[in-house]
Amino acid sequence: MKTIKQIYIIDAPVEKVWDALTNPKTINKWGGGPARMSDEVGFEFSLWNNWMYGKNTEVIKNKLLRQNWYGGENWDKPSILTFKLIEKNGKTEVDLLHEKVPGEDAEDIEDGWKKYYMGPLKDLLEK
């Protein structure tokens, strides 16, 4: 099992970043839809046409989103994903921590966060 840590600075207020992480209509603008997502604890989400799915385990609006993630063939147990949002001078720092990632998938997932998730989200919000 591997741990992935990444930090992103997004030139947008924390409320817009939160919306881009939790509102399925906004997710469909930057991600592979259709998305099922909410900012409610216990909500069972799915992304990329059910390729990634899981459950929200902890939610503090505009501050913290923790989720159990499943995906691919190697994930018989969930990985743990945490987004921490910190507003700094009108920008938002997103601290991404993805724990218990299956080792054989870790390199692809680490790259995928940049190319397919946080990169497109950042691009959408900074237009």
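- Looking at residues two or more places apart in sequence or on another chain, you find a side-chain hydrogen bond (donor to acceptor under 3.5 Å, both in side chains) between Asp111 and Lys115.
- Looking at heavy atoms from C-beta onward, Val94 lies in side-chain contact with Ile10 at the 4.5 angstrom threshold.
- Residue-environment remark: OH (Tyr8) exceeds the threshold of 12 foreign heavy atoms within 6.0 Å.
- Between Glu58 and Leu64, the closest side-chain pair of non-hydrogen atoms falls below 4.5 Å.
- Between Lys100 and Ile80, the closest heavy-atom pair is CD-CG1, 4.3 Å.
- Between Leu96 and His98 there is a side-chain heavy-atom pair separated by less than 4.5 Å.
- With hydrogens and angles disregarded, a donor-acceptor distance shorter than 3.5 Å links the side chain of Trp30 to the backbone of Ala20.
- No donor-acceptor pair under 3.5 Å is formed between the side chain of Asn56 and the backbone N or O of Leu65.
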Full working for side chain to side chain contact (heavy atoms under 4.5 Å, CB included) between Leu85 and Asn62: CA-CA 7 Å; Leu85 281 63; Asn62 297 328; 5.7 Å; no

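- Checked against the 6.0 Å centroid threshold, Tyr53 and Trp69 do not count as a close aromatic pair.
- Minimum interatomic distance between Glu126 and Ile9 (heavy atoms only, all atoms of both residues): OE2-O, 3.8 Å.
- Across Thr92 and Pro13, no two heavy atoms sit closer than the pair OG1-C, 3.2 Å.
- Nearest heavy atom pair, residue Leu21 against residue Phe83, reads CD2-CZ, 3.9 Å.
- Hydrophobic cluster membership is shared by Met52 and Phe43, with clusters built from Ile, Leu, Val, Met, Phe, Trp and Tyr side chains linked at under 4.5 angstrom.
- For the pair Lys88 (side chain) and Glu93 (backbone), a donor-acceptor distance under 3.5 Å is absent.
- For Arg66 (side chain) and Val59 (main-chain N/O), no donor-acceptor pair under 3.5 Å exists by modelled atom type.
- Under the 3.5 Å distance criterion, the side-chain polar atoms of Asn23 are matched with a main-chain donor or acceptor of Lys25.
- Contact between Leu47 and Ala35 at its shortest, heavy atoms only, is CD2-CB, 3.8 Å.
- Around the CD atom of Gln6, the shell of radius 6.0 Å holds more than 12 heavy atoms that belong to other residues, nucleotides or ligands.
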